[in-house]
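One structure is given here, and the rest of the page talks about it.
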Amino acid sequence: MSSVVVAPRLECNFASSTNQPTMCETPRFEMFYDGSFGSQLLFAVKCKALSVNRRTWRWNEGSTRLCLQYNRGEEETVEHLVLECSKYEHEQESLMDVIHEQCGENKWNARCAEEDCGMRYLVGLDEECNMTVVDAMKDFLVLAWNKLQCC
């Protein structure tokens, strides 16, 4: 088993009297960055830097922000890739199996109705962070990325 580097999550707060930023350590640790390709992709998703058409279309001449799968006219966003795109249907089913096992179908459906479509939960930003779900999300991202690169 590989060792996991646990880095403290830091937040910047302003001291009221000096109006200078001070760094305060919060009690939450992010243990899912283990140096793997999956954790690199997870970080890119968290930073909204994953190379999907919605993000990269303006830098590539002749490119589009739309998903090229079946030409349905939907923007290729991270949310679309993870939750909707039929190109990754098999990978999505594996991810959904883990999600339903860990948090239940009803609770997941409630998360999907939220503004972020449950993405905060999948990437570990939710207060109810579940490492099994985050690991499944990393696995999904690796499989989807490999499929995206080869086709």
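The model shown is predicted, which means the values in this text are computed figures rather than measured ones.
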Not counting sequence neighbours, which residues clear salt bridge (Lys or Arg N to Asp or Glu O under 4.0 Å) with Glu91? List them please.
-> Lys147

Taking atom CG of Leu50 and atom NZ of Lys48, what is their separation to the nearest 0.5 Å?
-> 11.5 Å

How long is the span from the SG atom in Cys67 to the NZ atom in Lys87, to the nearest 0.5 Å?
-> 7.5 Å

The reported gap from NE2 in His80 to OG in Ser86 (rounded to nearest 0.5 angstrom) is 7.0 Å

Rounded to the nearest 0.5 angstrom, the CD-SG distance for Glu127 and Cys129 is 11.0 Å

Residues pairing under side chain to side chain donor-acceptor pair (under 3.5 Å) where one sits in residues 96-113, two or more places apart or in two chains, turn out to be Gln102-Asn130, Lys107-Glu128, Arg111-Asp126, Arg111-Glu128

Indicate yes or no for a side-chain donor-acceptor contact from Glu76 to the backbone of Thr64 under 3.5 Å, with no hydrogens or angles considered.
-> no

Heavy-atom closest pair (Gly73 atom, Leu66 atom, distance to 0.1 Å) is O-CD2, 3.6 Å

Once you round to the nearest 0.5 Å, how far does CZ of Phe37 lie from CG of Asn146?
-> 6.5 Å

Under 3.5 Å, side-chain donor or acceptor atoms of residues 134-144 against the rest of the protein: list the pairs with distances, not counting sequence neighbours.
from: Lys138; atom 1: NZ; to: Phe32; atom 2: O; distance (Å): 2.9

Is there a side-chain contact between Met96 and Leu83 (heavy atoms, below 4.5 Å)?
-> yes

